[in-house]
Amino acid sequence: MTGYEKAMRPEDLTRLFVERSNAGDAAGVAALYEEEAVLAYPPGELTVGREAIRVLWEKVLAQGPRFAPEEPLPTLVSGDIALTSTPPRDGSGARAQVVRRQPDGSWLRLLDQPEFLPPTR
């Protein structure tokens, strides 16, 4: 996991995700997560652990998707835990992540809910 820029603010994680995804760097995307992180993706499933997240992103990025930066909503911080979120550009649902400050002061994702829709009535 060495050699990658670290997220020194919780909000940096979204920017780094977009940069690394668009570069096709699945290992770089996985480096944004803690070792035992939980990613709620693909929809309806959980991907647990950095290595499983890397394998998943290798498959996703092999299809050549392009990601655009999304303006983050205000970050909520309590000590070494923060909640980050962004509204998708298409206005559907939201994205949210729980991130944790690491001993070196950087931040990594612990829980990632990249897609969820508002409840239907």
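Checked for salt-bridge contact, Arg15 and Glu19 meet the test: a charged N lies under 4.0 Å from a carboxylate O. Salt-bridge formation is not detected for the pair Glu36/Arg50: no Lys NZ or Arg NE/NH1/NH2 atom is positioned less than 4.0 Å from an Asp or Glu carboxylate oxygen.
Judged by distance alone, the side chain of Gln102 and the main-chain N or O of Arg100 form a donor-acceptor pair under 3.5 Å. No donor-acceptor pair closer than 3.5 Å links the side chain of Glu58 to the backbone N or O of Val60. At least one donor-acceptor pair under 3.5 Å links the side chain of Arg66 to the backbone N or O of Asn22.
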Q: Report the C-alpha distance between Asp104 and Lys6 in whole Å, list the side-chain angles of each, state the deciding distance to 0.1 Å, and finish with yes or no for side chain to side chain contact (heavy atoms under 4.5 Å, CB included).
A: CA-CA 10 Å; Asp104 67 359; Lys6 293 184 177 185; 2.4 Å; yes
Q: Evaluate the side chain to side chain contact (heavy atoms under 4.5 Å, CB included) criterion for residues Arg95 and Gln113: first the C-alpha distance (whole Å), next the side-chain angles of each, then the deciding distance (0.1 Å), finally the verdict.
A: CA-CA 6 Å; Arg95 307 180 201 290; Gln113 179 77 50; over 6 Å; no
Q: Evaluate the side-chain hydrogen bond (donor to acceptor under 3.5 Å, both in side chains) criterion for residues Tyr41 and Asp112: first the C-alpha distance (whole Å), next the side-chain angles of each, then the deciding distance (0.1 Å), finally the verdict.
A: CA-CA 8 Å; Tyr41 193 84; Asp112 187 0; over 6 Å; no
Q) When you look at Leu16 and Glu5, which way does the side chain to side chain contact (heavy atoms under 4.5 Å, CB included) test go after all the steps? A) CA-CA 8 Å; Leu16 293 170; Glu5 177 185 352; 3.5 Å; yes
Q: Given salt bridge (Lys or Arg N to Asp or Glu O under 4.0 Å), test Arg20 with Asp25 step by step and report yes or no.
A: CA-CA 5 Å; Arg20 294 174 189 181; Asp25 185 358; 5.5 Å; no
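Ring planes of Trp57 and Phe17: perpendicular class, angle over 60° (limits at 30 and 60°).
For the pair Thr14/Arg109, a side-chain contact is recorded, criterion being any heavy-atom separation below 4.5 Å from C-beta on. Within the 4.5 Å cutoff, the side chain of Thr84 has no heavy atoms near those of the Pro72 side chain. Side-chain contact between Leu56 and Leu39 is present, with at least one heavy-atom pair separated by less than 4.5 Å.
If you chain together hydrophobic residues whose side chains sit under 4.5 Å apart, Leu61 and Val55 never meet in one group.
The other members of the hydrophobic cluster of Leu110, by chain and number, are Val38, Leu46, Val48, Leu76, Ile81, Leu83, Val98, Leu111 (side-chain heavy atoms under 4.5 Å, ILVMFWY only).
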